[in-house]
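Just below is one structure, and these are the notes that go with it.
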Amino acid sequence: MALPLVLAVLLVVLFPERRRYWRALLGQVRTPIGIMVLVTLALWLPSMVVTPLPLRSMEAWVRVPVFIGFIFFLAAMFSERQEALALALKALIVTGAIATVFALCSLTFVPEVLSFVRRSGWTDTPYPGYRPYDMLKPYAALTVLMAPVLVWGGWRLGGRWPALSVATAVGLLAVVWLTYNRSAMAALLMMLVVGAVLFMAIRRNVRVNVAIPLVLVALITAILMWQQDRRAHLTPPEGVVTVLPTWVIDWQRQTIWARTIDMAMNSPWVGNGINVINLLPGAEDPLPTSRLNIIPSHPHNWLVEVFAETGAFGAFALLTLAIMLCLKFAGDYLRNRDPAILAALMVNIGYWGSGLLNFSFWSSWWQIGYLLMTAFCLAGRARLDQD
């Protein structure tokens, strides 16, 4: 992603109307969400004093405001140049459709295609342990970010675009199923619950408001029963920490979280340093009955990770920011019924929800994907110089 991103940044810097868009961006800094972003960034800084790798931590910290600034500059431009937004949405739908077809082919009847593009020859098993579903789990994770924007974007463009966008979204759901990406499944379920609650608030129909909770309870019960049937035989080894049933959350994640929290208590208020948790003493200890370290590359939970690395203050600030964002989008949608805001809310529910089970919070591609999808929706809603 780095090469096109750098080229995009250079084009933004040279854009002839850049001053107007920078002013629109700076206007957002004065909003409650903008102020909370600054507070969060400030509360992360004390961890720089204790980090064992200050350059690594500073680089991860700097990336966040840089990504926010440049991507929302792009959104400010899109909000005034709707033809550019339409072109961007078309590009997203077309490339998403191509990537999804590629993923489905790799996961089903032509596994050789994935090996081929990875320069391992035309074979379905280029090396022992080759598993396409593991390699494509990150793409499956993007479903929770892309699917709401694809559906909204297709509806906005009209013509034949809605059909292609919905077909791509359905294909992405198939990728989630074929890769058995449980973090994406959990996030999709959260999005469904939030969407149902909003629908109930809008309709305010007694029959609908009784039927929807019953359907949701039945659906969640069925999913839990399926999970238990599929994973009940997975018993944890002795000596590991399990608070929840292992068929709900695997014992590996629970053990990683427990060890991360133990390490966080060495510096509970300011943390141990941004993006260094897997490099601290003890992180390299082996996970029982596994080839992984006790903390592989990250704790697989953004709240636990940020708590261990920036302390209670930094984690509380980020949690507050996430809640404020979701409440802001939900309130705006209930007031205005704008589908772009609904898509932005779903992107945020998916990002913060799946992030409780998947990637490092500091992963550049994950942050950029989230910010870019949110920016598309905000640009389609209204000018960014309005709160």
Side-chain angles (χ1 to χ4, degrees), residues 28-29 31-48 50-51 57 60-61 63-65 67-68 72 141 144-145 183-184 186-191 193-194 197 243-244 249 253-254 256-278 295 298-333 344-364 366-371 373-374 378:
Q28 288 297 298
V29 175
T31 66
I33 297 295
I35 293 171
M36 195 62 217
V37 169
L38 296 179
V39 169
T40 302
L41 291 170
L43 290 176
W44 287 348
L45 282 175
S47 67
M48 300 297 173
V50 297
T51 178
S57 296
W61 183 91
R63 286 200 310 250
V64 175
F67 290 164
I68 293 174
F72 278 83
V144 299
L145 306 181
S183 63
L188 290 169
L189 182 59
M190 294 179 199
M191 294 160 68
V193 170
V194 171
V197 171
V243 177
L244 298 173
I249 301 291
R253 273 185 173 82
Q254 295 190 59
I256 291 169
W257 295 345
R259 177 59 68 90
T260 303
I261 293 173
D262 286 341
M263 297 172 70
M265 299 314 294
N266 295 328
S267 180
W269 300 113
V270 299
N272 295 278
I274 292 175
N275 203 24
V276 300
I277 189 65
N278 62 310
I295 300 180
H298 53 83
H300 296 272
N301 183 302
W302 64 263
L303 188 56
V304 171
E305 181 179 25
V306 172
F307 169 55
E309 296 183 339
T310 68
F313 294 127
F316 180 76
L318 184 61
L319 178 62
T320 302
L321 175 61
I323 294 173
M324 286 178 63
L325 279 167
C326 292
L327 291 178
K328 167 70 173 172
F329 289 140
D332 285 354
Y333 176 69
L345 174 62
M346 293 297 106
V347 169
N348 274 265
I349 295 296
Y351 175 77
W352 298 107
S354 66
L356 293 172
L357 297 166
N358 60 14
F359 310 108
S360 170
F361 175 76
W362 310 109
S363 295
S364 297
W366 188 233
Q367 290 180 355
I368 291 172
Y370 159 65
L371 290 170
M373 295 301 105
T374 302
L378 293 182

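Just so it is clear, the structure is predicted and the values come from calculations on it, not from any experiment.
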Please verify the inter-ring angle class for Y370 with W352; under 30° counts as parallel, over 60° as perpendicular, anything in between as tilted. perpendicular
For the atom pair [atom1] ([X]) and [atom2] ([Y]), what is the distance rounded to the nearest 0.5 Å?
X	Y	atom1	atom2	result
N348	M190	CG	CE	13.5 Å
L325	T320	CG	OG1	11.0 Å
L43	L318	CG	CG	10.5 Å
I68	L371	CD1	CG	6.0 Å
T40	L319	OG1	CG	10.0 Å
M346	L145	CE	CG	13.0 Å

Would Q28 and I33 count as a side chain to side chain contact (heavy atoms under 4.5 Å, CB included) if you check the C-alpha gap in whole Å, the side-chain angles of each, and the deciding distance to 0.1 Å? CA-CA 8 Å; Q28 288 297 298; I33 297 295; over 6 Å; no
Taking [Y]'s backbone N and O only, do any of them form a donor-acceptor pair with [X]'s side chain (distance below 3.5 Å, no angle check)?
X	Y	result
W61	L41	yes
E305	H298	no
N301	L357	no
Q367	V64	no

For F359 and S183, run side chain to side chain contact (heavy atoms under 4.5 Å, CB included): C-alpha distance rounded to whole Å, both residues' side-chain angles, the deciding distance at 0.1 Å, then the answer. CA-CA 10 Å; F359 310 108; S183 63; 5.9 Å; no
I want to check something: taking the side chain as every heavy atom from C-beta on, are F329 and T374 in contact at a cut-off of under 4.5 Å?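 Yes, close enough: below the 4.5 Å cut-off.
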Side chains of residues 306-316: which donor-acceptor partners sit under 3.5 Å, not counting sequence neighbours?
{"unit_1": "E309", "atom_1": "OE1", "unit_2": "N275", "atom_2": "N", "d": "2.8"}
{"unit_1": "E309", "atom_1": "OE1", "unit_2": "W362", "atom_2": "NE1", "d": "2.6"}
{"unit_1": "E309", "atom_1": "OE2", "unit_2": "N275", "atom_2": "N", "d": "3.3"}
{"unit_1": "E309", "atom_1": "OE2", "unit_2": "V276", "atom_2": "N", "d": "3.1"}
{"unit_1": "E309", "atom_1": "OE2", "unit_2": "I277", "atom_2": "N", "d": "3.0"}
{"unit_1": "T310", "atom_1": "OG1", "unit_2": "V306", "atom_2": "O", "d": "2.7"}

If you look at every heavy atom in [X] and [Y], which pair is closest and at what distance?
X	Y	value
W366	S354	CZ2-OG, 3.5 Å
V144	G350	CG2-O, 3.7 Å
I274	S57	O-OG, 2.7 Å

Would you mind listing every salt bridge (charged side-chain N to carboxylate O under 4.0 Å, His left out) that reaches into residues 347-363, with sequence neighbours excluded?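 Found none.
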Enumerate the residue pairs fulfilling side chain to side chain donor-acceptor pair (under 3.5 Å) with a member in residues 256-274, sequence neighbours excluded, ordered by first and then second residue.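 Applying side chain to side chain donor-acceptor pair (under 3.5 Å) to every pair that reaches into residues 256-274, excluding sequence neighbours, yields R259-D285.
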I would like to know whether Y333 and L345 meet side chain to side chain contact (heavy atoms under 4.5 Å, CB included); could you show each step before the answer? CA-CA 9 Å; Y333 176 69; L345 174 62; 5.6 Å; no
